[in-house]
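Note sheet for the following structure.
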Amino acid sequence: MKRFMSIALSTVLLAGTLAACSPKDEKASSSTKNGKDSKITISWFDGTWENPVPEPGNDAVKKVNEKFNVDFKPQYIPFDLYDDKLTVKMASGDIPDVIGTEGADTNYIKWSKQGAFLPLNDYVDKYETFKDIPQSVWDAVSVDGKKYGIPLYFPSKGGKKPVIRQDWLDKLGLKMPTNFEELKEVAVAFATQDPDGNGKNDTVGLGLAKGLVYDPSFGAYWGNSWYHENKDGQLIPGQISEGSKEKVTYINEMFKAGAIDKDWAIKPYNDVFKDFNAGKVGIWYEQPGNDKGSQPNNLDLATLRKNAPDAKIAAIPPFVAPDKSQGYVAGSGYYRIWMLSSKLKNDPKKVEKILEMMDYMAKYVPADQQTPHNEYFDWIMGGNGKGYTIVDGAPQLTEEYSKNAPISLFNQKQGGWDKDNQAMKDYVTQSKAPEAKEFNTLMGDMLSEADFFVSPVGRIHSDVYNDKNAALTEFATNELTKMVVGQRPISDWDKYVDEYLAKGGKDVIADVNKLIKESKIKGEWVKAK
């Protein structure tokens with residue numbers, strides 16, 4: 001997914017915006033000023049990944065108008081242009097009824113606090129799909145206890161997870177690694193014992209790219225989440241934790257032993273995908289998804305097997321940590337938010353109509369029910385033969401999908417998202433290539449049995465964190481990279497931590513912990529079902 005938007009908007013411009021959208025300026029309810037049964041006009045401004053970009057008045061919009069008795073006036077902007085367009089829109093004072101964004105970033109918090117958006121606490125419990133959204137996700141889009149946005153739920157078990165060449169393990173008589181010591185043994189063997197059998201020393205044990213991508217943490221304990229506490233009982237960022245120190249120590253040992261590409265610190269991660277697909281990397285990362293495992297720009301089993309016909313991969317389960325925890329860090333649990341303009345404060349009928357539309361479009365349709373015989377699915381997808389066709393028993397989008405399918409105006413996944421493990425099972429059903437089905441099966445099986453840690457930091461909003469975190473992360477990445485390649489001794493760890501704290505880390509830790517305490521939020525493990 002694309003980055004969350006980052007927009008700089010001056011206080012002067014924003015003040016003008018908020019004044020322009022003040023509820024007291026709204027003269028009459030849109031649902032009554034033109035008569036009791038008149039259509040409600042709904043303006044909607046959002047980014048999109050659809051191609052072609054949905055146009056106002058297309059067949060999908062007409063279907064929405066007919067079904068909900070509205071005059072739906074959407075404006076969609078490609079996400080690579082959306083940031084700038086949203087800046088202009090917010091500064092103009094001409095605030096649409098609904099505004100979309102990718103996440104609860106600094107501007108979302110600022111605009112919420114300054115009154116641009118309508119609090120929705122009194123509305124959301126009336127709609128079934130909103131009831132399925134976990135409290136941790138509501139916390140992420142809430143400001144001072146007020147729900148200013150409707151999050152589009154997204155599986156929290158997503159994100160890149162480690163995979164390994166099982167055939168290399170078998171050839172070298174090695175077992176699946178269960179801790180960092182075993183990982184080092186496997187990675188060194190992969191790099192030095194000719195697992196591809198070509199008689200050359202040309203393989204890499206552990207894939208790694210510049211910026212320490214992807215973070216080889218193998219569990220929440222070693223990751224960059226706020227999992228650990230310092231001696232004062234404060235939660236601290238993972239980059240300065242004992243877990244990271246252990247991880248960096250082992251990665252340094254693997255690098256010195258030749259298990260990691262000597263040029264990893266300047267290597268783009270896309271190049272590591274190419275190396276893995278070429279059969280030259282033993283451990284790398286990928287996530288489940290539609291046709292994942294059969295996409296040449298990602299981990300691609302089909303390409304891998306052209307280069308190594310006997311190649312088999314397996315998912316690496318999370319390691320057991322020193323504190324006995326075992327599991328990964330959960331994702332945010334959402335991607336994209338819809339906010340309603342505060343000018344709708346005196347128009348509850350329009351608010352309810354908008355939320356009714358969002359709720360209707362968010363209903364989950366299991367893969368085995370995604371057929372033309374399912375009236376709901378057929379409608380949201382724009383009709384069989386128009387928005388989609390059935391190919392080998394599964395729906396396939398047509399080139400006219402975004403012109404015909406109402407769901408393309410609201411969501412990015414056919415059939416919506418399920419909050420449990422069913423969405424991962426659907427990846428298997430919906431994937432066309434056999435390699436994708438194979439990959440999604442092995443990843444889904446591992447993830448469905450894994451526990452996940454929900455970080456408390458994603459559920460609070462710290463201005464200090466937002467202001468300083470990017471620079472701190474850059475500093476930490478640079479220093480940890482130096483430690484891995486031997487340019488800075490790991491014995492400098494305490495000095496590195498002191499430097500991190502002096503550069504603003506101490507202030508961030510203090511503010512984050514204050515807000516966590518005030519919000520009565522704690523990190524928690526969600527157990528596998």
Side-chain angles (χ1 to χ4, degrees), residues 1-4 154-165 177 180 183-184 186-187 190-191 204-225 227 237-239 241 243-244 246-252 254-255 259-278 280-289 292-293 295-301 304 313-319 321 327-332 335 439-440 442-443 446-447 450 452-453 455 458 470 473-474 476-481 483-485:
M1 291 295 181
K2 194 176 179 243
R3 72 208 183 287
F4 285 167
F154 188 87
S156 60
K157 294 186 177 183
K160 297 286 195 288
K161 302 296 186 294
V163 296
I164 192 168
R165 285 287 297 272
F180 271 98
L183 180 74
K184 181 177 73 170
V186 167
F190 280 180
V204 170
L206 175 68
L208 194 62
K210 67 177 181 179
L212 289 167
V213 173
Y214 292 100
D215 177 30
S217 59
F218 295 86
Y221 180 90
W222 300 277
N224 292 329
S225 178
Y227 181 84
Q239 292 96 329
S241 71
S244 274
E246 179 184 347
K247 174 182 65 180
V248 170
T249 298
Y250 274 105
I251 298 175
N252 168 256
M254 284 185 264
F255 179 74
I260 299 174
D261 189 328
K262 61 182 177 60
D263 295 322
W264 74 267
I266 59 172
K267 192 161 195 169
Y269 70 90
N270 283 330
D271 286 353
V272 187
F273 276 113
K274 294 176 183 177
D275 291 344
F276 186 91
N277 294 339
K280 296 303 179 183
V281 176
I283 301 168
W284 188 229
Y285 307 84
E286 190 50 279
Q287 60 191 337
K292 281 296 177 71
Q295 299 171 328
N297 291 329
N298 301 113
L299 186 153
D300 183 16
L301 282 178
L304 173 61
I313 66 169
I316 304 179
F319 297 164
Y328 292 115
V329 177
S332 67
Y335 171 68
F439 174 81
N440 283 322
L442 69 91
M443 292 300 289
M446 186 274 285
L447 292 172
F452 279 79
F453 176 71
S455 172
T473 298
E474 181 179 6
T477 299
N478 289 338
E479 297 308 306
L480 297 181
T481 295
M483 290 184 185
V484 169
V485 300

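All heavy atoms count here, side chains included; hydrogens, waters and symmetry mates do not.
The shortest distance between side-chain heavy atoms of Leu208 and Asp261 does not fall below 4.5 Å. A 4.5 Å side-chain heavy-atom check between Ile283 and Ile316 finds at least one atom pair inside the cut-off. Between Lys267 and Lys210 there is no side-chain heavy-atom pair separated by less than 4.5 Å. A 4.5 Å side-chain heavy-atom check between Leu480 and Lys247 finds every atom pair outside the cut-off. Counting heavy atoms from C-beta outward, Ile164 and Phe190 have side chains that approach closer than 4.5 Å. Side-chain atoms of Ile313 and Leu304, non-hydrogen and from C-beta on, do get closer than 4.5 Å to each other. For the pair Val248/Val484, a side-chain contact is recorded, criterion being any heavy-atom separation below 4.5 Å from C-beta on. Side-chain contact between Lys292 and Leu299: absent, with no pair of heavy atoms (C-beta onward) separated by less than 4.5 Å.
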Using side-chain contact (heavy atoms from CB on, under 4.5 Å), reason through Asn297 and Asn270 one step at a time and then give a plain yes or no. CA-CA 7 Å; Asn297 291 329; Asn270 283 330; over 6 Å; no

Could you go step by step and tell me if Val213 and Lys160 meet the side-chain contact (heavy atoms from CB on, under 4.5 Å) rule? CA-CA 10 Å; Val213 173; Lys160 297 286 195 288; over 6 Å; no

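For Ser244 (side chain) and Gly238 (main-chain N/O), a donor-acceptor pair under 3.5 Å exists by modelled atom type. Under the 3.5 Å distance criterion, the side-chain polar atoms of Asn252 are matched with a main-chain donor or acceptor of Met483. Looking only at distances, a side-chain donor or acceptor of Asn277 sits under 3.5 Å from a matching main-chain atom of Asp300. Checking side-chain atoms of Asn298 against main-chain N and O of Phe273 turns up no donor-acceptor pair under 3.5 Å.
Salt bridge annotation for Glu286-Lys161: absent, with no cationic side-chain nitrogen under 4.0 angstrom from a carboxylate oxygen.
Going from atom OH of Tyr285 over to atom CZ of Phe276 covers 11.5 Å, rounded to the nearest 0.5 Å. To the nearest 0.5 Å, the span separating OG1 on Thr481 from CD1 on Ile266 amounts to 12.0 Å. Atom CG of Leu442 sits about 8.0 Å away from atom CG of Leu301, to the nearest 0.5 Å.
Outside the 6.0 Å centre-distance limit, the rings of Tyr227 and Trp222 are not counted as a close aromatic pair.
Using cut-offs of 30° and 60° for the angle between ring planes, the Phe180 and Tyr250 rings count as parallel. Note: Phe452 and Tyr328 have tilted aromatic rings, judged against thresholds of 30 and 60 degrees for the angle between ring planes. Using cut-offs of 30° and 60° on the angle between ring planes, the pair Phe319 and Phe218 is parallel.
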